[in-house]
Amino acid sequence: MKPKFIVLLGAPGAGKGTQAEGLSKTLSIPHVASGDLFREALAEGTELGLLAKSYIEKGELVPDKVTIAMVQKRVAASDCEGGAILDGFPRTIEQAEALKRVLTEEGKSVCIVLYIKVSTETLMARLGGRWICRNCGAVYHSLFDPPKEAGKCDKCGGELYQRSDDTPEVQRKRIDVYLAQTAPLIEHYRSQGLLVEIYGDKSIEEVQPDMLKAIETSC
Ligand code: AMP
């Protein structure tokens, strides 16, 4: 079967991570999230993690060179033979071109770019209420998807925390950075005939079938 490399595009808070988790389970291909890779590197105290920290805390993008090298290594791993759901990468035109180069070298390609379109009001509300399990990474929202017991993960009982870059100031900055550096990817991929727009201002359960239908048609 042809490998499925699926790119999820959308502003911070559009639901890329949550949707990617669901798609990864349904399609049995890994969820590759560049933000998670940076946070893992940070937790391990590696040089990459320390470098990324200063950018993440300000809501800015980590430089292309290190980001591309990190993702290139991840998609070359054997579990990505059948493809991957790319969440948060590419975020610049340079990253998109690098991704194309890397996949082409292996006779692979991106089969679809799903652009999750969400209003600014929804983005701010979603990011502000986001809580994550320190143990298993499950994501909750204090308004839209609260845990049964405040501060505790329903799935594993782990402690829930808020990302330090989910504060209102950093959120604003991340949205501005998205508009300036990542939004141009919408037209970039549209002109290549790869872009499919997904209406994201609705519940997780309602968005997922729209995505699966588009993937079935294109991949
Ligand atoms: P995320 O978890 O996708 O919201 O990413 C958190 C932060 O990690 C971003 O605000 C950036 O600082 C950094 N980051 C994640 N992915 C990328 C990327 N593709 N290029 C540059 N920086 C990134």
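Since we're looking at a predicted model, the values are computed, not measured. Whatever order the structure lists them in is the order used to number ligands and atoms, beginning at 1. What you see below is based on every heavy atom in this structure, not just the backbone, and it leaves out hydrogens, waters and symmetry mates.
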Which pair of heavy atoms, one from Cys136 and one from Cys153, lies closest together, and at what distance? SG-SG, 3.8 Å
Check this for me - ligand 1, Phe38, N or O atoms closer than 3.5 angstrom, yes or no?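 Among all N and O atoms of Phe38, none is under 3.5 Å from an N or O of ligand 1.
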Just checking Glu60: does its CD atom have more than 12 heavy atoms from other residues, nucleotides or ligands closer to it than 6.0 angstrom?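 Atom CD in Glu60 is crowded, with more than 12 foreign heavy atoms closer than 6.0 Å.
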Interfacing atoms of ligand 1 (cut-off 4.0 Å, heavy-atom, Arg174):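 Atoms satisfying the 4.0 Å criterion: 4 (O).
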Joint hydrophobic cluster, Val113 plus Leu212, side-chain heavy atoms closer than 4.5 Å: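 Same hydrophobic cluster.
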Would you kindly specify which portion of Thr67 sits under 4.0 Å from ligand 1, judged on non-hydrogen atoms: side chain, backbone, both or neither? side chain
Under-4.0 Å heavy-atom contact with ligand 1, by part of Lys16 that carries it: neither
Under 4.5 Å between any side-chain heavy atoms of Leu99 and Phe89, yes or no?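 Yes - at least one pair of side-chain heavy atoms lies under 4.5 Å apart.
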Taking the side chain as every heavy atom from C-beta outward, state whether Phe38 and Thr67 have any pair of such atoms under 4.5 Å apart. yes
Within reach of ligand 1, part of Arg163 (heavy-atom separation under 4.0 Å):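 Only the side chain of Arg163 comes within reach of ligand 1.
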Checking a contact table here: which protein heavy atom is nearest atom 15 (C) of ligand 1, and how many Å away?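 Atom 15 (C) of ligand 1 sits closest to the protein heavy atom Arg91 NH1, 3.3 Å.
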pair Glu47-Leu50: side-chain heavy atoms closer than 4.5 Å: no
Which residue and atom name correspond to the protein heavy atom nearest atom 22 (N) of ligand 1, and how close is it?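 Of every protein heavy atom, Val62 N, 3.0 Å lies nearest to atom 22 (N) of ligand 1.
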Should you measure from each heavy atom of Gly35, which atoms of ligand 1 turn up under 4.0 Å away? 2 (O), 5 (O), 15 (C), 16 (N)
With side chains defined as the heavy atoms from C-beta onward, is the minimum distance between Val207 and Lys202 less than 4.5 Å? yes
Heavy atoms from other residues, nucleotides or ligands near NZ of Lys108 exceed 12 (cutoff 6.0 Å): yes
Using a strict 4.0 Å cut-off to heavy atoms of Arg39, name the atoms of ligand 1 that fall inside it. 2 (O), 6 (C)
Which of Val7, Ile215, Leu114, Leu8 passes side chain to side chain contact (heavy atoms under 4.5 Å, CB included) with Ile85? Answer is Leu8
Which atoms from ligand 1 have a heavy atom of Glu60 less than 4.0 Å away?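 In order of number, 11 (C), 12 (O).
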Enumerate the atoms of ligand 1 whose separation from the nearest heavy atom of Ile56 is less than 4.0 angstrom. 7 (C), 8 (O), 12 (O), 13 (C)
Asp165 versus ligand 1: do any nitrogen or oxygen atoms come within less than 3.5 Å of each other? no
I'd like to check whether Gly88 has a polar contact with ligand 1, where a contact means an N/O of the residue lying under 3.5 Å from an N/O of the ligand.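 Yes, there is a polar N/O contact under 3.5 Å.
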State, with a plain yes or no, whether a side-chain heavy atom of Val177 is found less than 4.5 Å away from one of Arg91. no
Counting from 1 in the order shown, the ligand 1 atoms closer than 4.0 Å to a non-hydrogen atom of Gln95 are 18 (C), 19 (N), 20 (N), 21 (C)
Below 4.0 angstrom from a heavy atom of Ser34, which ligand 1 atoms are there? Numbered from 1 as shown, please.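 Answer, ordered by atom number: 15 (C), 16 (N), 17 (C), 19 (N).
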